[in-house]
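Beneath this line is the structure, given in structure tokens, with notes to follow.
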Amino acid sequence: MTSPIRRYAPEAFPILGFVAALASFAMPLNPFLVGLILAGAVVAAVHHAEVIAHRVGEPFGTLILALAVTVIEVGLILTLMQAEPAKAATLARDTVFAAVMVILNLLMGLCLLSGAIRHHEQRFQRTGIGAALATLTVLTIVTLVLPNFTSSVPGPRYSTSQLAFVAAVSLILYATFALVQTVRHRDYFLPEGEAQDEPDAHAAPPGKRRTALSGALLLASLFAVVMLAKSLSPVIGELLAGAGAPPAVLGVLIAALILAPEGLAAVRAAKADRLQTSLNLALGSALATIGLTIPAVAILSIVADMPISLGLDAKSTVLLFLSLIVASQTLANGRTTVLQGAIHLMLFAIYLFTTFVP
């Protein structure tokens, strides 16, 4: 039986978060209480996005989930950039890179390992996943590596015109991928064979009233996340500075907070032998993270005259290339085992360790 807390939390936290966000304009709030409400609002936002996604079905469902997570991430990044201009230059880069590493290594590793432990070997459609990985490779290299090799402005930065162009390219690539995933070749992203007969895949969709309620609560959750993050950002900065943590740790925390609920959904799908859905969620989130976050950050940078550094350092560039190469090998033949999952988890451990001990 579902506990009352678990049953009513998705409805309670959006309302509680909305009220707390409004209250934060008038008075300071306890940071621990704000952190708890913020985490609950993030979980509730993804829950209600899942309800809406179930209503519209696959593969539109995974697209809606990815967009909801990205909206939260963009709101957090833009809010923190405006709240702490001194850290704004590298915050977007650190958060986007952290999200890519979390998705490609931690999330994918957990999905592959947990699914393979239960089912030994799992299969998926190579065509759609290969297209997603190719798009992700172009987006990550253009946004996070290429700035180190341009010469219009000094440092790992794009000039204003270059930033605008890269933002447009990112948006076009993501929009094209979304069109292919949901309209032109949606069958490339659907499970094959018996996976389509899983009970979860054919559970009764929510009604119109339930979907409308989830839509309203999703909007309330998004508003709460953005506003509460703004009030909590000074406390987070002080805690990290007091602990002597590198600035990149803030990006890791944001990525982990945003991707945790969706990550749990992906792992559950892998355990249910629906690896196709897990990979759709993981790679779709990574694509949305770059394809939508970079244009939003670029607009803020240009409008507010706030320069941003997108180019990664040498260590991070090596880890990014290694992750993309290993992912391409992992997803090359449409089959996965525990070995691939363990490899990706160890890659994430290397990334995390070198973030704290650079």
### Query
Closest approach of Phe18 and Ala224, non-hydrogen atoms and distance?
N-CB, 3.7 Å

### Query
Do Val142 and Leu310 belong to the same hydrophobic cluster, where Ile, Leu, Val, Met, Phe, Trp and Tyr are linked whenever their side-chain heavy atoms lie under 4.5 Å apart, directly or via other members?
yes

### Message
Do Leu106 and Tyr351 have side chains that approach each other closer than 4.5 Å (heavy atoms only, starting at C-beta)?
### Response
no

### Query
For Gln162, what residues pass the side chain to side chain contact (heavy atoms under 4.5 Å, CB included) criterion, not counting sequence neighbours?
Thr150, Ser152, Tyr158, Ser159

### Message
Quick check for you: to the nearest 0.5 Å, what is the distance between Thr317 atom OG1 and Lys315 atom NZ?
### Response
9.5 Å

## Note on the structure
Scanning both residues in full, the closest heavy-atom pair of Leu113 with Ala342 reads CD1-N, 4.4 Å

### Query
Just by distance, do the side chain of Ser316 and the backbone of Leu312 share a donor-acceptor pair under 3.5 Å?
no

### Query
After noting the C-alpha distance and the side-chain angles of Leu345 and Leu112, does the key distance pass the side chain to side chain contact (heavy atoms under 4.5 Å, CB included) rule?
CA-CA 10 Å; Leu345 287 176; Leu112 298 182; over 6 Å; no

### Contact summary for Pro307 and Arg157, nearest pair of heavy atoms
CB-NH1, 3.4 Å

### Message
Per the side chain to side chain donor-acceptor pair (under 3.5 Å) rule, what does the pair list look like for residues 127-143, sequence neighbours excluded?
### Response
none

### Which residues share a side chain to side chain contact (heavy atoms under 4.5 Å, CB included) with Thr211, sequence neighbours left out
Ile52, Arg55, Pro206

### Query
Do side-chain atoms of Gln340 reach the backbone of Thr337 as a donor and acceptor pair under 3.5 angstrom?
yes

### Task
Please test Leu107 against Phe348 for side chain to side chain contact (heavy atoms under 4.5 Å, CB included), starting from the C-alpha separation and ending with a verdict.
CA-CA 9 Å; Leu107 178 53; Phe348 181 77; over 6 Å; no

### Query
Do the non-hydrogen side-chain atoms of Leu283 and Ile129 ever get within less than 4.5 Å of each other?
yes

### Query
Does any N or O in the side chain of Gln122 come within less than 3.5 Å of the main-chain N or O of Arg335, such that one atom is a donor and the other an acceptor?
no

### Query
What heavy-atom pair brings Ser170 and Leu139 nearest, and what distance separates the two atoms?
CA-CD2, 3.6 Å

### Message
What's the separation between atom CZ in Arg118 and atom CG in Asp273, rounded to the nearest 0.5 Å?
### Response
10.0 Å

#### Entry: Side chains of Phe32 and Leu36 in contact at under 4.5 Å (non-hydrogen atoms)
no

### Message
When you group the ILVMFWY residues by side-chain heavy-atom contacts below 4.5 Å and let the links chain together, are Val326 and Ile141 in the same group?
### Response
no

### Message
Using side-chain heavy atoms (C-beta onward) and a distance below 4.5 Å, is Ile290 in contact with Tyr174?
### Response
no

### Task
Sequence neighbours left out, what passes salt bridge (charged side-chain N to carboxylate O under 4.0 Å, His left out) with Arg123? Give chain and number order.
Glu121

### Query
Could you state the interatomic distance from CG (Leu279) to CG (Leu133), rounded to the nearest 0.5 Å?
10.0 Å

### Query
Under the side chain to side chain contact (heavy atoms under 4.5 Å, CB included) criterion, do Leu213 and Val51 qualify, and how do the steps go?
CA-CA 10 Å; Leu213 176 62; Val51 172; over 6 Å; no

### Query
Does the side chain of Leu171 come within less than 4.5 Å of Ile294's, by heavy atoms?
no

### Task
Locate the shortest heavy-atom distance separating Ile37 from Gly17; write the atom from each residue and the value.
CG2-CA, 3.5 Å

#### Entry: Note, Leu217 side chain near Ile15 side chain (heavy atom, < 4.5 Å)
yes

### Query
If two hydrophobic side chains count as joined below 4.5 Å and joins carry through other members, does Leu322 share a cluster with Val100?
no

#### Entry: ILVMFWY network linking Val138 to Val166, side-chain heavy atoms under 4.5 angstrom
yes

### Query
Stepwise, does the side chain to side chain contact (heavy atoms under 4.5 Å, CB included) test hold for Leu320 with Val145?
CA-CA 9 Å; Leu320 176 61; Val145 178; 3.9 Å; yes

#### Entry: Minimum-distance pair of heavy atoms, taken over all atoms of Leu144 and Arg93
CD2-CG, 4.2 Å

### Joint hydrophobic cluster, Met346 plus Leu324, side-chain heavy atoms closer than 4.5 Å
yes

## Note on the structure
Applied to residues 101-115, the side chain to side chain donor-acceptor pair (under 3.5 Å) test, sequence neighbours excluded, yields Asn105-Ser323, Asn105-His344

### Query
Ile308 versus Leu163: any side-chain heavy-atom pair under 4.5 Å?
yes

### Task
Side-chain contact test, heavy atoms from C-beta onward, threshold under 4.5 Å: evaluate it for Leu331 versus Arg126 and give yes or no.
no

### Query
Does the Ser328 side chain pair with the main chain of Ile325, one donor and one acceptor, at a distance under 3.5 Å?
yes

### Set of salt bridge (charged side-chain N to carboxylate O under 4.0 Å, His left out) partners for Arg210, sequence neighbours left out
Glu11

### Task
Kindly compute the distance separating CD (Gln181) from CG (Leu287), expressed to the nearest 0.5 Å.
8.5 Å

### Message
If we ignore hydrogens and angles and just use 3.5 Å, is the side chain of Ser278 paired with the main-chain N or O of Ala266 as donor and acceptor?
### Response
yes

#### Entry: From Ile343 atom CD1 to Gln329 atom CD, the distance as rounded to the nearest 0.5 Å
10.0 Å

### Distance in Å, His119 NE2 paired with Thr336 OG1, rounded so as to fall on 0.5 Å steps
10.5 Å

